[in-house]
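In what follows, residues are counted from 1 in the order of the sequence shown.
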Amino acid sequence: MLTSLDDTLWHQLPTTFDHVGTSDPRFFDRYWFAGYAPDGSAAVQVTMGVYRNMNVLDGGAVVVHRGRQYNVRVSRSLGHEVDTVCGPLRVRPTVPLQEFRITIDPGEHGVSGELTWCGLLPAAEERPHFARRRGRVTEDYRRFDQIGTLRGTLSVGDERIDVAEWWSCRDHSWGVRPRMGIKEPVTGPKEDLGKRGFAMAFLFFATDAAAGHVLFERRGEDPGYLTGDLAPRDGTADVQSVSGTELEVALHEGTRRFSDCTLDATLEDGSAVTFRCAALGPAIAMQGLGYSGGYADRGGLGVWRGEEVLEHDVWDVSHPSVIEYPDGRTDEHWHRIQPVAVELERAGSVSRGQGSMTLILSGRLPWLGLT
């Protein structure tokens, strides 16, 4: 069926824009934004995704304030529309690759806001993500990342939060990833984390001197995946890609949540940089946005739930590891994103700024002293 996009000259396949080039139900296309107050006192994240082969458009917004996380999750049937609106949430690019308008309409969910996201530096592509397991493609997607600022207002209940040029970042990814919309088929025994653990560190950063991102994933002793770049803020030097990393972490006692971490990276010209990150305020619990088994049905992103679905709740995230839910249950869910203060050292010079760190440490990781 024709959509408004079909009257452009940008077709990539001999079909209309309401189809994608694969029948894999996990195909997705997703925005994600994060913005943090300078002192860590408040944070906001917003996401919206389309799953053409699942007939789903879903999204979420969370605001963290005074140790509590206010969650809104939405989902609807996609149909043939191309408008990025879902319930009270609207995410629209006003200047492609540079500026977005994000709106959360008020309602029973208790969170509202009008935000403008602006890029500080050009978007940067990650290395392609591709993995095959037992002969089956488990992931095949692309993503780009961008550092920016966020301005506007947010409201939680009767309290207004002024968002005055907060540090911010975003990504945009599309393709096929595991557990999007459906459970993964069983093709063999599950990975034993007691034998081969998994570590992932994903840092977005901006200091007075430089900005960019670093992402590495490692399972056991495998070389793993690495992507990243460092761009000078003044534009006087070329953007440098990251070619190697080492990680040290200081964890809150009895947890896998960090208070401080150090990421040493090697750049393509052979020079070394060190990122020292300190937790700044509570970590965002990503299930509140719908990620990683979120929503009331625990199905996560991309699941068809009905024509129009709206969920909202408030969680206590004041503890560095434990999430407390409204019914008194507690959990230490693994998927958290931590606002951080960043100190960047390069060639004897130190600059300071802010960042966003996803650090996942699962299973046996002897190289980090975790067994």
Side-chain angles (χ1 to χ4, degrees), residues 34-43 45 64-67 69 145 147 166-169 197-218 224 226-230 242 244-267 271-286 316-323 331-371:
Y36 306 141
D39 61 358
S41 61
Q45 289 196 14
V64 177
H65 188 51
R66 303 188 193 282
Q69 179 171 310
D145 308 308
I147 304 298
W166 285 6
W167 180 92
S168 190
C169 62
F198 174 77
M200 185 189 86
F202 193 177
L203 173 67
F204 291 82
F205 68 92
T207 69
D208 297 335
H213 75 280
V214 180
L215 166 61
F216 82 80
E217 300 175 357
R218 189 179 303 169
L226 173 65
T227 190
D229 65 70
L230 185 147
V242 174
T245 57
E246 294 293 334
L247 177 68
E248 294 181 9
V249 295
L251 301 178
H252 292 282
E253 187 175 357
T255 80
R256 295 287 177 107
R257 302 295 312 151
F258 75 95
S259 58
D260 301 273
C261 67
T262 300
L263 189 63
D264 293 313
T266 304
L267 303 181
S271 63
V273 295
T274 297
F275 302 93
R276 287 182 282 271
C277 302
L280 190 64
I284 291 86
M286 296 303 289
D316 186 335
V317 293
S318 57
H319 189 276
S321 180
V322 178
I323 306 163
D331 187 24
E332 295 186 75
H333 195 271
W334 55 270
H335 195 179
R336 307 286 294 271
I337 295 185
Q338 177 68 62
V340 290
V342 177
E343 188 176 88
L344 169 61
E345 183 174 353
R346 184 184 187 192
S349 178
V350 176
S351 60
R352 294 172 176 83
Q354 279 184 269
S356 183
M357 171 66 95
T358 306
L359 183 61
I360 299 171
L361 305 172
S362 300
R364 185 174 181 272
L365 299 166
W367 55 278
L368 287 175
L370 300 173
T371 55

Residues at least two apart in sequence or cross-chain that pass ring pair (Phe, Tyr, Trp, His ring centres under 6.0 Å) with W167, listed by chain then number, are Y36
_Is the shortest side-chain heavy-atom distance between L247 and F258 below 4.5 Å?_
no
By side-chain contact (heavy atoms from CB on, under 4.5 Å), A250 pairs with (sequence neighbours left out) S259, D260
Residues pairing under salt bridge (Lys or Arg N to Asp or Glu O under 4.0 Å) where one sits in residues 248-257, two or more places apart or in two chains, turn out to be none
Carefully, step by step, assess M286 and Q45 under the rule side-chain contact (heavy atoms from CB on, under 4.5 Å). CA-CA 9 Å; M286 296 303 289; Q45 289 196 14; 3.3 Å; yes
**Asked** Any side-chain heavy-atom pair from Q354 and P339 closer than 4.5 angstrom?
**Response** no
Across all chains, not counting sequence neighbours, the side-chain contact (heavy atoms from CB on, under 4.5 Å) partners of S168 are W117, L150
Residues passing the side-chain contact (heavy atoms from CB on, under 4.5 Å) test with A201, sequence neighbours excluded, are F216, M357, L359
Checklist entry - Going through the distances and angles, do L263 and C277 end up as a side-chain contact (heavy atoms from CB on, under 4.5 Å)? => result CA-CA 8 Å; L263 189 63; C277 302; 5.9 Å; no
So side-chain hydrogen bond (donor to acceptor under 3.5 Å, both in side chains) across residues 362-371, not counting sequence neighbours, yields none
By ring pair (Phe, Tyr, Trp, His ring centres under 6.0 Å), F204 pairs with (sequence neighbours left out) W32, F202
> Does H213 reach the side chain of T227, with side-chain heavy atoms less than 4.5 Å apart?
Replying inline: yes
Please walk me through it: do L251 and L370 pass side-chain contact (heavy atoms from CB on, under 4.5 Å)?
CA-CA 11 Å; L251 301 178; L370 300 173; 3.9 Å; yes
Residues pairing under side-chain hydrogen bond (donor to acceptor under 3.5 Å, both in side chains) where one sits in residues 331-351, two or more places apart or in two chains, turn out to be T207-S351, R276-E343, R276-E345, Q287-H333, S292-H335, S321-E332, E343-R352
Across all chains, not counting sequence neighbours, the side-chain hydrogen bond (donor to acceptor under 3.5 Å, both in side chains) partners of T274 are D264
Hits for side-chain hydrogen bond (donor to acceptor under 3.5 Å, both in side chains) against D316, two or more places apart or cross-chain, chain-then-number order -> S318
Across all chains, not counting sequence neighbours, the side-chain hydrogen bond (donor to acceptor under 3.5 Å, both in side chains) partners of T266 are none
